[in-house]
Amino acid sequence: MNVVEMRGITKCFGSFTANDNINLVVKKGEIHALLGENGAGKSTLMNILFGLYQPELGKIFIKEKEVAITGPTMANELGIGMVHQHFMLVQPFTVTENIILGDERASSGMIDYKKAEREVQALSDQYGLQVDPRAVVADIGVGMQQRVEILKTLYRGADILIFDEPTAVLTPQEIDELTEIMRKLVKEGKTIIFITHKLKEIMSTCDRCTVIRRGKMIDTVNIVETNENELASLMVGREVSFDLDKQPANPQEPVLKVQSLEVDDKRNNPAVRGLDLEIKAGEIVGIAGVDGNGQSELIEAICGLLKPKSGRVILNNKDVTGLTPRKITETGLGHIPEDRHKRGLVLDFSVSENIILQSYYKKPFSNGFGIDYKAVGEYANKLIQEFDVRTPDKDTPARALSGGNQQKAIIAREVDRNPSLLIAAQPTRGLDVGAIEFIHNRLIQHRDTGNAVLLVSLELEEVLKVSDRVAVIYEGKIQGWVDPKTATEEELGLLMAGSKVKGGTSQ
Amino acid sequence: MIGKLNRNSTLISSLISIVLGMLVGAIAMLLSGYDPIAAYGALFGSIFGSASDMGETLRTITPLIFAGLSVALAFRTGLFNIGVEGQLVIGGLAAAFVGLKLDLPPVLHAIVALVVGTLAGAIWALIPGLLKAIRGVHEVIVCIMMNWIALFLSNYMVGKVLSNNSDSTEKIHPSASIRVDFLTDLFDGARVHLGLILAILAAIFVYVLLFKTKLGYELRAVGLNPSASEYAGMSVKRNIIISMMISGGIAGLAGAVELLGTNEYLSINASLPGTGFDGIAVALLGANTPMGVVLSSMLFGGLFNGGNNMQYVAGVPFEVIRIVFATIILFVAANIVKQVGNRKSRKKKGENAGA
Ligand SMILES: Nc1ncnc2c1ncn2[C@@H]1O[C@H](COP(=O)(O)OP(=O)(O)OP(=O)(O)O)[C@@H](O)[C@H]1O
Ligand SMILES: [Mg+2]
């Protein structure tokens with residue numbers, strides 16, 4: 001049975017067509033992947049299915065009956081649930097409060113929280129979600145927040161589940177757990193539409209895959225009859241090379257020296273505990289590690305966003321320990337932050353206003369008093385072109401860009417300033433394979449022009465592929481160094497778990 | 001293109017909202033037994049009627065523009081300046097000091113009084129700004145305290161320093177007045193003064209500041225996302241302090257203008273003037289844009305001034321007038337026309353990207 005059938009869906013934003021005559025057929029009990037570049041229109045299509053947007057043209061059939069989905073409430077009634085790309089949870093509420101929000105089953109005006117908690121617990125057990133119904137959302141990790149979102153849809157009785165890029169923000173371990181959960185859901189008779197940019201995940205978990213390119217539907221393929229390369233070229237419209245064209249590094253004088261650095265996290269617990277690190281011009285140093293081992297605090301301390309407790313940070317032979325972010329930036333730092341919505345962008349600013357976030361006060365954009373918005377616009381258009389940021393125009397608010405294109409705008413801003421040290425934290429999170437290829441090449445190009453790059457990523461594959469040297473961070477210290485050309489993921493895995501393996505000291 | 005269309009349709013839908021609000025108001029008046037036609041006649045008569053009526057309306061609009069701009073500017077930096085009241089009182093007090101105690105040549109005297117009033121307001125706002133930036137104390141609490149301090153300080157000064165135990169001061173020296181014969185004659189004796197022109201200039205100033213200068217870029221960035229602003233090397237604290245000072249300066253100028261143009265003397269007051277609180281509504285209705293503030297000030301000012309006339313001419317009690325006004329403002333604020341219009345066009349062709 002076709003549980004979902006979308007026929008000839010067209011959706012425009014102003015003069016821009018985000019979905020152009022798209023057909024999507026999802027069969028009962030399958031995991032159906034939706035694949036497409038950043039800005040291809042995947043989230044838009046799913047928002048239409050969930051009733052958040054109304055299409056200009058097209059028909060939707062749910063369980064073989066034609067429907068007009070006027071809003072999320074209606075979608076809920078039809079058994080459609082959605083886990084959004086960016087979570088929609090009320091931070092100070094408990095898990096249970098979040099789950100029943102909007103679907104409070106009150107008797108004579110009173111909510112029976114005990115009963116709701118029991119129901120949430122039962123659902124969580126049924127699907128192996130391991131969620132604590134009484135935990136406050138602000139205190140739980142990203143992975144659990146996501147499972148809360150899943151529970152929310154299950155609590156409303158959804159049997160068609162839309163997962164919009166759930167794995168982009170998860171650690172490799174959490175991704176494995178989520179895959180298990182999805183398998184269990186399908187076994188219980190649910191149908192899943194799964195958006196991801198990771199071809200491996202599609203190959204290992206999905207049954208069929210629909211590919212969208214620039215708003216148009218390209219094809220729907222059976223996973224058993226295809227491979228990663230075919231998927232990638234269907235999606236991008238050209239051959240994608242998975243191998244980087246990379247010359248050996250040519251390290252020069254040191255650009256960054258971190259000496260016995262100690263940093264506390266926001267709750268005043270030690271996060272970085274006496275860390276030493278040196279990066280030279282002309283090399284890319286990767287940092288691998290399990291999330292929460294001091295990576296974020298290390299970066300924030302180098303950038304001046306957190307004050308180190310002790311130790312020194314030396315950039316371009318200048319002691320920048322504890323200086324303001326502006327001073328450090330001007331000493332030659334570029335920073336692609338890990339949380340693009342919190343640090344990287346002012347979402348309600350236009351793309352061009354965001355492009356000058358680090359340079360608005362300098363010539364040619366400002367003479368010290370006014371801002372020359374004409375010069376800003378020209379510069380923004382240049383970068384939009386050069387970095388292929390897909391946006392209706394430079395004046396569109398950053399909020400309206402697809403996740404991947406928001407990231408490209410940040411990368412354009414940071415790379416184009418040509419900093420002697422570029423810190424890239426999770427630079428390809430949520431990006432499509434074409435964009436990842438592009439960004440990896442930009443990082444290498446940045447190295448080849450004689451600059452240093454510090455790459456921090458939770459994806460081992462990325463760290464091993466792009467870096468010239470890899471340091472493993474464990475409990476706020478460098479646990480060991482490996483050579484990415486010879487190291488195996490197992491070797492890294494051991495170091496990341498805290499064991500010292502052969503020669504695993506400082507290089 | 002789309003932006004322009006939208007702006008036009010906003011204006012039109014606001015006008016329709018006003019008419020709908022008036023219709024509901026008319027029903028309210030009919031139900032309580034008053035004649036809506038006579039009442040609205042009186043309202044419009046006082047807004048568009050004689051030159052002197054129009055002049056008085058313009059005079060009412062003037063402080064609302066200042067107060068609205070002051071609140072809107074702080075809002076843009078993420079601050080809720082509920083202290084416009086106090087800053088306005090202090091601005092008036094400072095201007096009264098200069099107007100009474102200094103002897104200066106005509107034009108210079110007024111300019112000095114205006115500048116001192118502006119500075120006084122800025123300094124009054126500096127205190128909540130500093131406490132917010134350095135100690136993290138919420139500005140609303142400090143501002144409310146500062147409002148009362150301002151009121152009683154002003155009352156004390158009037159009684160003990162600026163007069164001899166009387167409950168109002170003398171008139172300020174004519175050299176400090178910003179009334180001009182030309183305007184008074186034009187509007188047939190109404191108390192219109194140069195403040196109106198200053199208010200328009202202030203609106204232009206705020207527009208240029210926010211959307212054309214480096215400082216404005218920082219203020220807006222800090223208001224929208226302090227974390228990203230910090231990442232971009234801006235000092236969030238510095239911008240909070242500056243925003244409060246400019247906001248307070250505009251409020252102080254409003255107080256000075258009222259004193260030097262409208263009242264020309266200072267008296268003891270039992271309560272705060274209320275202009276600052278109206279400014280909050282004006283700013284919100286005007287979507288925190290300078291142009292929006294000017295337009296919504298015109299609506300509020302027209303209603304306030306016309307309300308008196310409704311009372312005298314049509315005999316509608318003040319309470320009912322307030323109900324009618326609240327209905328109109330509610331209709332405009334909720335922009336009911338636009339909501340309905342949007343839903344219709346969404347059904348037809350999907351929501352607009354810029355909406
Ligand atoms: N509200 C909006 N207003 C204007 N344009 C929009 C809006 N929402 C989306 N778009 C545009 O529509 C296009 C498709 O966006 P969508 O979010 O569907 O992409 P996506 O395929 O989910 O990409 P990603 O993988 O990066 O999340 C993008 O170019 C985006 O800029
Ligand atoms: Mg998306």
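The chains referred to below are lettered A, B, ... by the order of the sequence lines, with proteins before strands, and numbering in each begins at 1.
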Evaluate the side-chain proximity of Leu357(A) to Met234(B): yes if any heavy-atom separation is below 4.5 Å, no if none is. yes
Which region of Ser366(A), side chain (C-beta onward) or backbone (N, CA, C, O), has a non-hydrogen atom less than 4.5 Å from a non-hydrogen atom of chain B, or is it both or neither? side chain
Side chain from CB out, backbone as N, CA, C, O: work out which of these in Glu300(A) comes under 4.5 Å of a heavy atom of chain B, or both, or neither. neither
Neighbour count >12 (heavy atoms, 6.0 Å) for atom OH, Tyr207(B): no
Counting only heavy atoms from other residues, nucleotides and ligands, does the tally under 6.0 Å from CZ of Arg417(A) exceed 12? yes
Between Pro226(B), Gly216(B), Ala232(B), which has the largest tally of heavy atom pairs under 4.5 Å with chain A? Ala232(B)
Approximate separation, where rounding is to 0.5 Å, of Tyr231(B) OH and Arg326(A) CZ: 12.0 Å
Exceeds 12 heavy-atom contacts within 6.0 angstrom, atom CE of Met74(A): yes
Asn225(B) side-chain N/O to Lys342(A) backbone N/O, donor-acceptor pair under 3.5 Å: yes
Of all the heavy-atom pairs spanning Gly233(B) and Pro325(A), show the shortest one and how long it is. CA-CB, 4.2 Å
Looking only at heavy atoms, which of residues 327-340 of chain A get nearer than 4.5 Å to chain B? His335(A), Pro337(A)
Between Val346(A), Leu347(A), Ile371(A), which residue shows the highest count of heavy-atom pairs closer than 4.5 Å to chain B? Ile371(A)
Any idea which of Ala68(A), Gly368(A), Ala400(A) has the most non-hydrogen atom pairs under 4.5 angstrom with chain B? Gly368(A)
Are the ring centres of Phe349(A) and Tyr217(B) closer than 6.0 Å? yes
Whether the Glu218(B) and Tyr360(A) side chains hold a donor-acceptor pair (N or O, under 3.5 Å, no angle test) is what I'd like checked. yes
Interchain contact, Tyr373(A) with chain B, by part (heavy-atom threshold 4.5 Å): side chain
More than 12 non-hydrogen atoms from neighbouring residues, nucleotides or ligands closer than 6.0 Å to NZ on Lys307(A), yes or no? yes
Tell me if a side-chain donor or acceptor on Arg343(A) pairs with a main-chain N or O of Ser227(B) at a distance below 3.5 Å. yes
For the residue pair Lys214(B) and Phe365(A), establish whether any side-chain heavy-atom pair is separated by less than 4.5 Å. no
